[in-house]
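What follows is one structure encoded as structure tokens, with my remarks underneath.
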Amino acid sequence: MTMNFFRGVMGGQPAGPQPTGAETIHKLCDRVASSTLLEDRRDAVRALKSLSKKYRLEVGTQAMDHLVHILQTDRSDSEILGYALDTLYNIICNDEEEEQDESEDMAAAPPVSGKHKNVPVSDENAQKQEEDLGVLFTDKFLGDSENVTLLLTLLEEFDFHVRWPGVKLLTALLKNQCNQVQGVILVSPMGVSRLMDLLADSREVIRNDGLLLLQQLTKGNAAIQKIVAFENAFERLLDIITEEGSSDGGIVVEDCLLLLVNLLRNNSSNQNFFKEGSYIQRMKPWFEVGDDNSGWSAQKVTNLHLMLQLVRVMVSPVNSPGATSSCQKSMYQCGLLQQLCTILMATGVPADILTETINTVSEVIRGSQINQDYFASVNAPSNPPRPAIVVLLMSMVNERQPFVLRCAVLYCFQCFLYKNQKGQGEIVATLLPSTIDANSISAGQLLCGGLFSADSLSNWCAAVALAHALQDNLTQKEQLLRVQLATSLGKPPVSLLQQCTNILSQGSKVQTRVGLLMLLCTWISNCPIAVTHFLHNQENVPFLTGQISENLGEDERLVQGLCALLLGICIYYNDNSLENYTKEKLKQLIEKRIGKENFVEKLGFVTKHELYSRAAQKPQPVFPSPEQMLFDHEFTKLVKELEGVITKAVHKTSEEEKKEEEVKKTLEQHDSIVIQYKDLIRDQDTQIQELREQVSTLSLNSEQMHNQITQQQSQIQQHKDQYNILKLKLGKDSQGLSSSQGEGAHVNGLHSEELSQLREEVEELRRQHTLQHTQLSDKDSLINTLRCGAAAAAQTTEGGAGGSDNTELLREVESLRSRVQAQCAEISQLQTERQELIRRAEAVSSAPASSSESSADTVKLSELESRLAAQTTETERLKEECRGLREGHAGLEQQLASAQSTVAIEQTEKTKLQQEVQESKKEQDDLLMLLADQDQKILNLKQRLRDLGETIDEDEDELDTRDQFGEDDDDDDEEDEENND
């Protein structure tokens, strides 16, 4: 039953009336929807596929929902999925394709390319209806966004019968409703990644159609472009291009290049990723050409054209300046620019490739000084060698060359001079009398020849090129005034400026006059000297006013507007050096002969021209025909800048101009003041930097001194600890001595010996006291010497040293003072120790004599003697330490003396030192008073011993006498010191 049904549908000849196509499709749809057997549904879908091209409307309206249902439910059978996808593609796609074989062995001979040929339709209305039908069915399919997600899921199937129809269907959907499909794919998880996997498919037909799919997917969507780029698209595409033979490859290379252009155009993120990934370097081998360049295939020309477009995308003037500059630098460093210049000078290169190469080189060198310098050094392989610039200019002024080639050369020359004052100077120098070489053709000679030739297009191109040599370069504008031209034999030469105005007055073609007026406006703008030269010719101003005041046709309106602009520039940049043509007189002339309102109206003709806005869009001169080549991009910027200020200048009165000049002078004065302050701030910054370096140095020195002080403090602390230990020992010895005084007094036969030992100790202590007193005197004399030296240094070196050296010296003085105080403290401790020993001697001498003896007392006395010996040894050790401290002190004094030779001690420090000297004297007086008291107490004790009946030896009296003499000597020393002070 089933087979009979399909025979009727597929071309059998059953009896009875034949069903219509709509009826057949309706029956097939019912079969797809109701049949429970997979084979029946598969055959029905296959039948729908065969009818989908002839009965596109009927299949689309009746079967689409059933086909989508098949995609959702019959995922296990790849054959029915393939039929369903092919049917959907046939009803959605607007391209008429060659019918594919529907047999089972279709996969055995797949197509070699993903591109399909379009058969042109003779009936345009029928074609439009077909396109509308495809958009209608696309909208119906996209009514449920899950259908696109389902289609993305099916692309994961590796089976050729599913994957290839799925790729084609998704491409057709993108062609009909790109934005909507892009939105669904963008939010679909791993949607773009699934499509990128198509590039890795080993079957070329799927990979190639995947390229077409990605081309449609990446159109105008920066977010998808970024995702595709970061899915390693650049690496895969460049690998495919290399595998396919680069520029010699087939249509697959073209598809890859189109996809690369889509990913990079107007996408700064992808451009930066392409540059940072070192992919620019991989483009260099594409442009390697041989000596024989004849017989290029059309596909190679297309591929190379797209490769050049890809380079231009990376360095387009519409990109950010930083990104463009970085790419230009990379192209020079990797040798890509050199390779492009090789193509530029090669022979046999097709004209369209040569034109595009010139445009590409133009944008690679535009605004890049190093690239412009390299291009200036390129020579053509001629005999003799000529610079590439000269060869290109020869093509530009040759009217037999193609129009697009001449435009490309002009663009190249403009880009060479863009922000290149060095190049501008070299071009202008070829026009100056001192540099003209009669044996060679220079760029200046070619420009002058083109400027005054009979071809209006050559006039315009040469005028614009020469204007770019003067753009924003006041020096070259003044230099060009020196150029003299020999018009004919026997006549004196005329200046280039005057020759341009002469040609204007002769009434040449509009294109020629427009070019010359643009040159003159660029030349004299912002150059008062050029304005003076222009006004010096008495015929120029009447010619301009006559042109502006006339009522001419539509074609002459642009010339009138440019004449008004030129006259306005003469007013705005006039320095009033010519008495007959001052600003005020020119404005009076305009008001009298033209009228201010009429002048402003004519000035507005320039910006209102239909070709003005087209030229203002991008730097490259692109014109449909030579007649429309009227405006230059840089000139439109100049017009935009000057139109407003000229209008204001014409309407201003003399009083307003005077006020404006006063304001300008005030601003100039303010600017000069600002410059002075900037210089002052710059100097102060330098000084601050130097002071910071000094502070860092002083901080380092301070840290080192601090470390030294810390070490010395630790040493002093060690000495203090040793002193405390000795003090404790002396305390224990004094207690033992007092407890044994009563017993020791009764030791038989030892009393006189003990007294003599004590006397020796007292004598030794007195000698120590005398020595310490001498040391104190030496220190006093040293302080006096330092004080006198400080006063002398303060008088001789007043105002000499900086604050940083004073600070360092003060620190050294403080360290010396602390050391002196520490030594004074040690001396006081030794004096206290001496007093303790004296008291012990007095106690021994005052104890009553006894005749009793005891062996235990003898042992104790021996212990006391040994302790005294140990104490004497310790005293000697302390003396050695004091001697070491004195040597250290002497070294510090030498450091202080060297510091005093370079730095003046401030008067305040002198006062502090004097106060310290007075305090030291007071301390010495107190010490002497204490010593005197002790001596008096000893005398009193001796007298008491005499009164008690004790016998005092003459030696002791002599000792007393010595003490008295010693006191007298001390008093004399004190008096001498006071007299010295």
Side-chain angles (χ1 to χ4, degrees), residues 719 723 726-727 730 734 758-788 816-843 845-846 871-872 875-876 878-879 881-883 885-886 889 893 912-944 955-981:
H719 290 313
Y723 167 73
L726 290 174
K727 188 175 180 181
L730 288 173
S734 62
L758 290 175
R759 284 175 183 150
E760 290 176 359
E761 288 184 15
V762 171
E763 183 66 25
E764 180 65 27
L765 290 173
R766 284 180 178 175
R767 283 197 299 271
Q768 292 179 7
H769 167 68
T770 304
L771 180 61
Q772 292 171 357
H773 186 74
T774 304
Q775 293 175 359
L776 287 175
S777 301
D778 293 340
K779 291 179 181 177
D780 290 338
S781 63
L782 175 62
I783 290 172
N784 291 329
T785 303
L786 291 176
R787 184 177 60 190
C788 296
L816 287 173
R817 186 184 299 114
S818 62
R819 292 173 184 175
V820 170
Q821 290 176 356
Q823 291 179 356
C824 290
E826 292 177 1
I827 291 170
S828 300
Q829 292 170 2
L830 292 173
Q831 290 174 350
T832 305
E833 183 178 344
R834 175 180 175 278
Q835 292 174 3
E836 289 290 335
L837 291 174
I838 292 172
R839 280 198 294 272
R840 279 188 284 167
E842 290 175 353
S845 61
S846 62
Q871 186 63 37
T872 303
T875 302
E876 291 296 329
L878 289 175
K879 287 180 181 179
E881 291 180 357
C882 289
R883 191 176 296 107
L885 290 174
R886 284 197 300 271
H889 183 241
E893 287 175 351
K912 292 180 181 180
L913 288 173
Q914 289 176 347
Q915 292 175 356
E916 291 173 2
V917 168
Q918 293 297 330
E919 292 175 357
S920 178
K921 285 183 179 181
K922 290 180 182 180
E923 292 176 357
Q924 291 179 13
D925 292 339
D926 294 339
L927 180 59
L928 292 174
M929 292 295 294
L930 289 173
L931 291 175
D933 292 341
Q934 293 296 329
D935 291 340
Q936 185 62 38
K937 287 181 181 179
I938 292 173
L939 293 175
N940 292 337
L941 289 173
K942 288 181 179 179
Q943 186 62 38
R944 287 179 61 188
D955 294 337
E956 293 178 0
D957 292 336
E958 289 176 1
L959 183 61
D960 295 338
T961 305
R962 284 185 208 152
D963 291 341
Q964 291 177 358
F965 282 123
E967 292 174 1
D968 295 337
D969 292 338
D970 292 339
D971 294 335
D972 293 338
D973 292 338
E974 291 176 5
E975 289 176 1
D976 293 337
E977 289 174 0
E978 291 176 357
N979 292 331
N980 291 331
D981 293 337

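Just so you know, these numbers use all the heavy atoms, side chains as well, and skip hydrogens, waters and symmetry mates. We number each residue from 1, following the sequence as shown.
- In this structure, Q934 and K937 have side chains that are in contact, with non-hydrogen atoms separated by less than 4.5 Å.
- Note that CG of D925 is 11.0 Å distant from CG of L930, once rounded to the nearest 0.5 Å.
- We find the CG-CG distance between N940 and D935 to be 11.0 Å, quoted to the nearest 0.5 Å.
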